[in-house]
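Let me begin by presenting the structure, written as C-alpha coordinates, before commenting on it.
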Amino acid sequence: MKKHILNRRIRATGMALAASVAFTAGSAQAQDKGTVHLSYVEWASTVASTNVMKVVLENAGFDVKTSSLSAAAMWQSVATGDTDGFLAGWLPITHEDYYAKLKDQVVDAGASLEGAKLGMVVPAYTEADSIADMNDYVDSFNGKITGIDPGAGVMRLTEKVIEDYDLDYDLVSGSGATMTAALKTAINNEEDIAVTGWAPHWMLARWDLKFLDDPKGTYGGDEGIHTIVRKGLKEDMPEAYAILDAFEWNNEQMGEVMLMQEEGDDPYEEAKKWVEANQDIVQEWLPES
(Lines give C-alpha, C1' and ligand atoms only; values in the text may rest on other atoms or scores of the structure.)
Protein backbone atom coordinates (compact mmCIF):
# COMPACT_ATOMS: atom_id res chain seq x y z
CA MET A 1 0.00 0.00 0.00
CA LYS A 2 2.76 2.42 1.04
CA LYS A 3 4.67 1.57 -2.12
CA HIS A 4 1.65 2.42 -4.32
CA ILE A 5 1.12 5.67 -2.47
CA LEU A 6 4.81 6.53 -2.87
CA ASN A 7 4.68 5.75 -6.58
CA ARG A 8 1.63 7.97 -7.02
CA ARG A 9 3.41 10.78 -5.20
CA ILE A 10 6.48 10.39 -7.38
CA ARG A 11 4.31 10.46 -10.53
CA ALA A 12 2.40 13.50 -9.28
CA THR A 13 5.62 15.31 -8.42
CA GLY A 14 7.04 14.49 -11.84
CA MET A 15 3.92 15.74 -13.63
CA ALA A 16 3.91 18.95 -11.61
CA LEU A 17 7.60 19.50 -12.39
CA ALA A 18 7.02 18.88 -16.10
CA ALA A 19 4.10 21.29 -16.13
CA SER A 20 6.20 23.86 -14.31
CA VAL A 21 9.05 23.49 -16.79
CA ALA A 22 6.62 23.74 -19.75
CA PHE A 23 4.97 26.82 -18.27
CA THR A 24 8.33 28.46 -17.60
CA ALA A 25 9.53 27.69 -21.09
CA GLY A 26 6.32 29.01 -22.58
CA SER A 27 6.56 32.18 -20.49
CA ALA A 28 10.15 32.70 -21.53
CA GLN A 29 9.16 32.23 -25.15
CA ALA A 30 6.34 34.75 -24.77
CA GLN A 31 8.69 37.27 -23.16
CA ASP A 32 11.21 36.77 -25.97
CA LYS A 33 8.57 37.46 -28.62
CA GLY A 34 7.05 40.39 -26.80
CA THR A 35 3.55 41.59 -25.94
CA VAL A 36 0.71 42.19 -28.37
CA HIS A 37 -1.88 44.63 -27.04
CA LEU A 38 -5.34 44.22 -28.58
CA SER A 39 -8.19 46.65 -27.98
CA TYR A 40 -11.83 45.67 -28.40
CA VAL A 41 -15.44 46.71 -27.82
CA GLU A 42 -17.85 44.64 -25.72
CA TRP A 43 -19.76 43.37 -28.74
CA ALA A 44 -20.39 39.62 -28.95
CA SER A 45 -18.65 39.36 -32.32
CA THR A 46 -15.60 41.29 -31.16
CA VAL A 47 -15.32 39.42 -27.87
CA ALA A 48 -15.32 36.19 -29.87
CA SER A 49 -12.66 37.21 -32.39
CA THR A 50 -10.45 38.94 -29.81
CA ASN A 51 -10.37 35.97 -27.46
CA VAL A 52 -9.71 33.52 -30.28
CA MET A 53 -6.84 35.66 -31.53
CA LYS A 54 -5.51 36.03 -27.98
CA VAL A 55 -5.32 32.25 -27.67
CA VAL A 56 -3.72 31.83 -31.11
CA LEU A 57 -1.07 34.48 -30.43
CA GLU A 58 -0.34 33.04 -27.00
CA ASN A 59 0.07 29.58 -28.51
CA ALA A 60 2.52 31.14 -30.97
CA GLY A 61 4.60 32.40 -28.04
CA PHE A 62 3.39 35.96 -27.53
CA ASP A 63 2.13 37.57 -24.37
CA VAL A 64 -1.24 39.17 -25.12
CA LYS A 65 -2.89 42.07 -23.33
CA THR A 66 -6.48 43.16 -24.07
CA SER A 67 -8.28 46.41 -23.29
CA SER A 68 -12.05 46.97 -23.47
CA LEU A 69 -12.80 50.43 -24.89
CA SER A 70 -15.53 52.38 -26.65
CA ALA A 71 -15.51 52.20 -30.45
CA ALA A 72 -14.05 55.70 -30.80
CA ALA A 73 -11.35 55.04 -28.19
CA MET A 74 -10.53 51.70 -29.83
CA TRP A 75 -9.77 53.34 -33.16
CA GLN A 76 -7.86 56.17 -31.50
CA SER A 77 -5.75 53.80 -29.39
CA VAL A 78 -4.38 52.10 -32.51
CA ALA A 79 -3.88 55.40 -34.33
CA THR A 80 -1.73 56.68 -31.44
CA GLY A 81 0.07 53.37 -31.00
CA ASP A 82 -1.24 52.85 -27.47
CA THR A 83 -2.55 49.44 -28.61
CA ASP A 84 -1.32 47.26 -31.45
CA GLY A 85 -4.59 46.44 -33.16
CA PHE A 86 -8.22 45.41 -33.05
CA LEU A 87 -10.49 42.96 -34.89
CA ALA A 88 -13.63 45.08 -35.16
CA GLY A 89 -13.33 47.48 -38.08
CA TRP A 90 -16.76 47.35 -39.71
CA LEU A 91 -16.24 48.73 -43.23
CA PRO A 92 -17.13 50.35 -45.50
CA ILE A 93 -20.24 51.82 -43.80
CA THR A 94 -20.42 51.34 -40.04
CA HIS A 95 -17.01 52.79 -39.15
CA GLU A 96 -16.61 55.00 -42.21
CA ASP A 97 -16.29 58.14 -40.05
CA TYR A 98 -13.50 56.68 -37.91
CA TYR A 99 -11.71 55.30 -40.95
CA ALA A 100 -11.96 58.55 -42.90
CA LYS A 101 -10.44 60.46 -39.99
CA LEU A 102 -7.69 58.00 -39.06
CA LYS A 103 -6.89 55.99 -42.21
CA ASP A 104 -3.49 57.66 -42.60
CA GLN A 105 -2.56 56.73 -39.01
CA VAL A 106 -3.51 53.04 -39.07
CA VAL A 107 -3.02 49.98 -41.29
CA ASP A 108 -5.98 48.01 -42.65
CA ALA A 109 -4.86 44.37 -42.60
CA GLY A 110 -7.97 43.32 -44.51
CA ALA A 111 -11.27 41.64 -43.71
CA SER A 112 -11.33 38.70 -41.32
CA LEU A 113 -15.00 38.10 -42.12
CA GLU A 114 -17.17 39.01 -45.10
CA GLY A 115 -20.95 39.18 -45.29
CA ALA A 116 -21.63 40.98 -42.02
CA LYS A 117 -24.70 43.18 -41.86
CA LEU A 118 -26.45 45.73 -39.67
CA GLY A 119 -30.13 46.47 -39.29
CA MET A 120 -33.23 46.72 -37.17
CA VAL A 121 -34.00 43.38 -35.54
CA VAL A 122 -37.36 42.29 -34.11
CA PRO A 123 -38.90 38.99 -32.94
CA ALA A 124 -40.22 36.91 -35.85
CA TYR A 125 -43.76 37.11 -34.43
CA THR A 126 -43.79 40.92 -34.79
CA GLU A 127 -46.30 42.14 -37.39
CA ALA A 128 -44.00 44.82 -38.80
CA ASP A 129 -41.83 43.64 -41.69
CA SER A 130 -40.30 46.92 -42.84
CA ILE A 131 -38.73 49.96 -41.21
CA ALA A 132 -41.00 52.02 -43.45
CA ASP A 133 -44.04 50.64 -41.58
CA MET A 134 -42.75 51.15 -38.03
CA ASN A 135 -44.81 54.27 -37.39
CA ASP A 136 -47.91 52.06 -37.68
CA TYR A 137 -46.67 50.13 -34.61
CA VAL A 138 -45.35 52.90 -32.34
CA ASP A 139 -47.53 51.85 -29.40
CA SER A 140 -46.60 48.20 -29.82
CA PHE A 141 -42.90 49.09 -29.58
CA ASN A 142 -43.50 51.66 -26.82
CA GLY A 143 -42.02 54.29 -29.10
CA LYS A 144 -38.43 53.18 -28.58
CA ILE A 145 -35.60 51.33 -30.26
CA THR A 146 -33.21 49.58 -27.89
CA GLY A 147 -29.61 50.19 -28.81
CA ILE A 148 -26.07 49.56 -27.59
CA ASP A 149 -23.18 51.87 -26.67
CA PRO A 150 -23.52 55.44 -28.01
CA GLY A 151 -20.25 55.39 -29.97
CA ALA A 152 -21.15 52.32 -32.05
CA GLY A 153 -21.55 52.74 -35.79
CA VAL A 154 -24.91 50.95 -35.72
CA MET A 155 -26.17 53.66 -33.36
CA ARG A 156 -25.10 56.43 -35.73
CA LEU A 157 -26.81 54.65 -38.60
CA THR A 158 -29.96 54.04 -36.55
CA GLU A 159 -30.17 57.76 -35.78
CA LYS A 160 -30.02 58.33 -39.54
CA VAL A 161 -32.71 55.65 -40.03
CA ILE A 162 -34.99 57.51 -37.63
CA GLU A 163 -34.38 60.69 -39.64
CA ASP A 164 -34.67 59.12 -43.11
CA TYR A 165 -37.91 57.31 -42.28
CA ASP A 166 -39.26 60.11 -40.06
CA LEU A 167 -39.86 57.61 -37.24
CA ASP A 168 -41.65 58.66 -34.05
CA TYR A 169 -39.19 56.69 -31.92
CA ASP A 170 -36.50 57.36 -29.36
CA LEU A 171 -33.20 55.52 -29.63
CA VAL A 172 -32.19 54.24 -26.18
CA SER A 173 -28.47 53.62 -25.68
CA GLY A 174 -26.97 50.97 -23.43
CA SER A 175 -24.62 48.08 -24.21
CA GLY A 176 -24.65 44.81 -26.10
CA ALA A 177 -25.49 43.01 -22.86
CA THR A 178 -28.37 45.31 -21.90
CA MET A 179 -29.76 45.09 -25.43
CA THR A 180 -29.86 41.29 -25.46
CA ALA A 181 -31.25 41.25 -21.89
CA ALA A 182 -34.12 43.51 -22.98
CA LEU A 183 -34.67 41.31 -26.03
CA LYS A 184 -34.82 38.18 -23.87
CA THR A 185 -37.34 39.75 -21.49
CA ALA A 186 -39.57 40.91 -24.34
CA ILE A 187 -39.53 37.49 -26.03
CA ASN A 188 -40.28 35.71 -22.76
CA ASN A 189 -43.33 37.98 -22.39
CA GLU A 190 -44.21 37.72 -26.12
CA GLU A 191 -43.91 41.49 -26.47
CA ASP A 192 -42.71 43.51 -29.45
CA ILE A 193 -39.25 45.04 -29.28
CA ALA A 194 -36.98 46.64 -31.86
CA VAL A 195 -33.21 46.49 -31.32
CA THR A 196 -30.12 47.60 -33.16
CA GLY A 197 -28.84 44.30 -34.51
CA TRP A 198 -26.10 42.81 -36.58
CA ALA A 199 -24.99 39.50 -38.02
CA PRO A 200 -23.14 37.44 -37.05
CA HIS A 201 -24.56 37.41 -33.51
CA TRP A 202 -25.46 34.58 -31.15
CA MET A 203 -28.95 36.04 -30.57
CA LEU A 204 -29.89 35.03 -34.13
CA ALA A 205 -29.17 31.41 -33.22
CA ARG A 206 -30.83 31.62 -29.81
CA TRP A 207 -34.17 33.19 -30.82
CA ASP A 208 -36.42 33.35 -33.87
CA LEU A 209 -35.69 36.87 -35.10
CA LYS A 210 -35.87 38.84 -38.33
CA PHE A 211 -34.28 41.94 -39.84
CA LEU A 212 -36.82 44.55 -40.89
CA ASP A 213 -36.63 45.50 -44.57
CA ASP A 214 -34.69 48.70 -45.20
CA PRO A 215 -36.04 49.97 -48.55
CA LYS A 216 -34.04 53.22 -48.35
CA GLY A 217 -30.83 51.26 -47.76
CA THR A 218 -29.76 53.45 -44.85
CA TYR A 219 -28.03 50.59 -43.05
CA GLY A 220 -26.10 49.75 -46.22
CA GLY A 221 -25.36 46.35 -47.68
CA ASP A 222 -23.02 43.58 -46.63
CA GLU A 223 -19.91 44.64 -44.79
CA GLY A 224 -16.56 43.21 -43.86
CA ILE A 225 -15.10 43.06 -40.36
CA HIS A 226 -11.53 44.29 -40.77
CA THR A 227 -8.39 43.84 -38.72
CA ILE A 228 -6.85 47.26 -38.03
CA VAL A 229 -3.30 47.54 -36.69
CA ARG A 230 -0.91 50.32 -35.75
CA LYS A 231 1.71 51.60 -38.13
CA GLY A 232 5.04 49.88 -37.60
CA LEU A 233 3.63 46.63 -36.22
CA LYS A 234 4.69 44.70 -39.32
CA GLU A 235 8.29 45.86 -38.84
CA ASP A 236 8.33 45.54 -35.03
CA MET A 237 6.60 42.17 -34.72
CA PRO A 238 6.46 40.54 -38.17
CA GLU A 239 5.17 37.17 -36.93
CA ALA A 240 2.36 38.70 -34.89
CA TYR A 241 1.43 40.91 -37.84
CA ALA A 242 1.43 37.89 -40.17
CA ILE A 243 -1.01 36.03 -37.90
CA LEU A 244 -3.33 39.03 -37.59
CA ASP A 245 -3.11 39.61 -41.34
CA ALA A 246 -3.95 35.97 -42.13
CA PHE A 247 -6.86 35.75 -39.68
CA GLU A 248 -10.00 34.91 -41.65
CA TRP A 249 -13.13 32.92 -40.85
CA ASN A 250 -16.83 32.82 -41.72
CA ASN A 251 -20.16 33.63 -40.10
CA GLU A 252 -20.78 30.04 -39.04
CA GLN A 253 -17.40 29.75 -37.30
CA MET A 254 -17.74 33.07 -35.50
CA GLY A 255 -21.33 32.24 -34.58
CA GLU A 256 -20.20 28.97 -33.03
CA VAL A 257 -17.70 30.77 -30.79
CA MET A 258 -20.23 33.44 -29.83
CA LEU A 259 -22.78 30.84 -28.79
CA MET A 260 -20.17 28.90 -26.81
CA GLN A 261 -19.18 32.09 -25.01
CA GLU A 262 -22.76 33.07 -24.28
CA GLU A 263 -23.52 29.67 -22.79
CA GLY A 264 -20.18 29.37 -20.96
CA ASP A 265 -18.73 31.15 -17.96
CA ASP A 266 -15.51 32.54 -19.43
CA PRO A 267 -15.15 33.79 -23.04
CA TYR A 268 -11.40 33.16 -22.98
CA GLU A 269 -11.79 29.54 -21.85
CA GLU A 270 -14.44 28.92 -24.51
CA ALA A 271 -12.11 30.41 -27.13
CA LYS A 272 -9.38 28.00 -26.01
CA LYS A 273 -11.77 25.09 -26.50
CA TRP A 274 -12.70 26.26 -29.99
CA VAL A 275 -9.08 26.80 -31.02
CA GLU A 276 -8.11 23.33 -29.77
CA ALA A 277 -10.99 21.72 -31.67
CA ASN A 278 -10.37 23.63 -34.91
CA GLN A 279 -6.64 23.35 -35.48
CA ASP A 280 -7.17 22.82 -39.21
CA ILE A 281 -8.59 26.34 -39.46
CA VAL A 282 -6.07 27.89 -37.05
CA GLN A 283 -3.09 26.45 -38.92
CA GLU A 284 -4.08 28.48 -41.96
CA TRP A 285 -3.48 31.67 -39.95
CA LEU A 286 0.03 30.73 -38.88
CA PRO A 287 3.11 31.61 -40.94
CA GLU A 288 5.07 28.69 -42.36
CA SER A 289 8.02 27.79 -40.17
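Please read all numbers here as calculations on a predicted model, not as lab measurements.
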Report task. Drop me the distance from I187's CD1 to L209's CG, to the nearest 0.5 angstrom. Result -> 5.0 Å
Query - Non-hydrogen atoms of S45 and P200 that approach each other most closely - result: CB-O, 4.1 Å
Query raised in the report: So do the side chains of N278 and Q253 get within less than 4.5 Å of each other, counting heavy atoms only?
Result: no
Requested in this report: Run the numbers on L171 and T196 for side-chain contact (heavy atoms from CB on, under 4.5 Å), then give the verdict.
Outcome: CA-CA 9 Å; L171 177 59; T196 55; 4.1 Å; yes
Requested in this report: Please determine if K117 forms a cation-pi arrangement with Y219, meaning its NZ or CZ atom is less than 6.0 Å from the six-membered ring centre and no more than 45° off the ring axis.
Outcome: no
Report task. Step through the shown structure and confirm whether more than 12 heavy atoms of other residues, nucleotides or ligands are within 6.0 Å of CG on D265. Result -> no
Query raised in the report: To which residues is V47 joined in a hydrophobic cluster, defined by side-chain heavy-atom contacts under 4.5 Å among Ile, Leu, Val, Met, Phe, Trp and Tyr, whether direct or through other members?
Result: Y40
Query - Step-by-step side-chain contact (heavy atoms from CB on, under 4.5 Å) determination, M179 to M203 - result: CA-CA 10 Å; M179 180 270 287; M203 66 181 180; 4.2 Å; yes
Report task. Could you grab the distance from atom CE of M258 to atom CH2 of W43, nearest 0.5 Å is fine? Result -> 13.0 Å
Query raised in the report: Between CG of N250 and CD of E256, what distance do you get to the nearest 0.5 Å?
Result: 9.5 Å
Query raised in the report: Among side-chain atoms of H37 and S67, is any donor-acceptor pair under 3.5 angstrom?
Result: yes
Report summary line: Here the gap from L87 atom CG to T50 atom OG1, rounded to the nearest 0.5 Å, amounts to 5.0 Å
Report task. Output yes when a side-chain donor or acceptor of E223 lies under 3.5 Å from a complementary backbone atom of T94, and no otherwise. Result -> yes
Report task. Applying side-chain contact (heavy atoms from CB on, under 4.5 Å), run through I131 and K216 and close with a yes or a no. Result -> CA-CA 9 Å; I131 296 172; K216 294 182 183 292; over 6 Å; no
Requested in this report: Please check if atom NZ in K234 has more than 12 non-hydrogen atoms from other residues, nucleotides or ligands closer than 6.0 Å.
Outcome: no
**Report entry** Stepwise side-chain contact (heavy atoms from CB on, under 4.5 Å) check, V161 with I145
**Finding:** CA-CA 11 Å; V161 164; I145 299 165; 6.0 Å; no
Query raised in the report: Any idea which heavy atoms bring G34 and M237 closest together, and the distance?
Result: C-CE, 4.0 Å
Report task. Could you tell me whether R156 and E159 make a salt bridge, using a distance below 4.0 angstrom between a side-chain N and a carboxylate O? Result -> no
Requested in this report: Please tell me if the side chains of I148 and S175 come closer than 4.5 Å, counting only heavy atoms from C-beta onward.
Outcome: no
Query raised in the report: Do the side chains of I225 and S49 get nearer than 4.5 Å, heavy atoms only?
Result: no
Requested in this report: For H95 and W90, indicate whether the former's side chain and the latter's backbone hold a donor-acceptor pair under 3.5 Å.
Outcome: yes
Query raised in the report: In terms of ring plane angle, is the pair F247 and W249 parallel, tilted or perpendicular, where the classes change at 30° and 60°?
Result: tilted
Query raised in the report: Under 3.5 Å, is there a donor-acceptor pair between the side chain of Q261 and the main chain of P267?
Result: yes
Requested in this report: For the pair W202 and W207, name the ring-plane relationship: parallel under 30°, tilted 30 to 60°, perpendicular over 60°.
Outcome: tilted
Query raised in the report: For the side-chain hydrogen bond (donor to acceptor under 3.5 Å, both in side chains) test, which of D214, D133, N135 pairs with Y165?
Result: D214
Report summary line: To the nearest 0.5 Å, atom CG of D192 lies from atom CG of N189 at 12.0 Å
Query raised in the report: Distance only, no hydrogens: is a donor on one side chain within 3.5 Å (strictly under) of an acceptor on the other, for E248 and S112?
Result: no
Query raised in the report: Does NZ or CZ of K144 fall inside the cone over Y169's six-membered ring, less than 6.0 Å from its centre and within 45° of the axis?
Result: no
Requested in this report: Output, in order, the C-alpha distance, side-chain angles, deciding distance and verdict of side chain to side chain donor-acceptor pair (under 3.5 Å) for D245 and W285.
Outcome: CA-CA 8 Å; D245 182 51; W285 307 337; over 6 Å; no
Query - Side chain proximity check, S39 to V78, heavy atoms < 4.5 angstrom - result: yes
Query raised in the report: Do side-chain atoms of T158 reach the backbone of V154 as a donor and acceptor pair under 3.5 angstrom?
Result: yes
Query - Atom of P92, atom of E96 and distance for their closest heavy-atom approach - result: O-CB, 3.2 Å
Query raised in the report: So do E263 and R206 actually touch side chain to side chain, heavy atoms under 4.5 Å?
Result: yes
Query raised in the report: Heavy atoms, side chains only, cut-off 4.5 Å: are Y268 and V55 in contact?
Result: yes
Query raised in the report: For E127, does the CD atom sit with more than 12 other heavy atoms under 6.0 Å from it, leaving out its own atoms?
Result: no
Requested in this report: Give a yes or no answer on whether the side chain of K33 reaches the backbone of A60 with a donor-acceptor pair at less than 3.5 Å.
Outcome: yes
Requested in this report: Give the intermediate values and the outcome of salt bridge (Lys or Arg N to Asp or Glu O under 4.0 Å) for residues K273 and E276.
Outcome: CA-CA 5 Å; K273 294 176 186 175; E276 183 178 351; over 6 Å; no
Query - Basic-acidic side-chain contact under 4.0 Å: K54, E58 - result: yes
Query raised in the report: Taking all atoms of both residues into account, what is the closest heavy-atom pair of A199 and N251, and its distance?
Result: C-OD1, 4.1 Å
Requested in this report: Specify the closest pair of heavy atoms between E270 and G264, including all atoms of both residues, with the distance to one decimal.
Outcome: OE2-CA, 3.7 Å
Query raised in the report: Does a side-chain N-to-carboxylate-O contact under 4.0 Å join E163 and K160?
Result: no
**Report entry** Polar contact flag, side-chain donor to acceptor under 3.5 angstrom, D108-H226
**Finding:** yes
Requested in this report: Compare all side-chain heavy atoms of V275 with those of Q279 and state whether any distance is below 4.5 angstrom.
Outcome: yes
Query - same_hphob_cluster(Y137, V172) at 4.5 Å side-chain heavy-atom cutoff - result: no
Query - T126 side chain to A128 backbone, donor-acceptor under 3.5 Å - result: no
Report summary line: Distance col, row I162:CD1 vs D168:CG, nearest 0.5 angstrom, shows 10.0 Å
Report task. Taking the side chain as every heavy atom from C-beta outward, state whether V52 and V282 have any pair of such atoms under 4.5 Å apart. Result -> no
Report task. Check A79 against L102 and note the closest heavy-atom contact, atom names and distance. Result -> CB-CD2, 4.0 Å
Requested in this report: Kindly indicate, with the supporting measurements, whether the criterion salt bridge (Lys or Arg N to Asp or Glu O under 4.0 Å) is fulfilled by R230 and D236.
Outcome: CA-CA 10 Å; R230 65 170 173 84; D236 298 341; 2.9 Å; yes
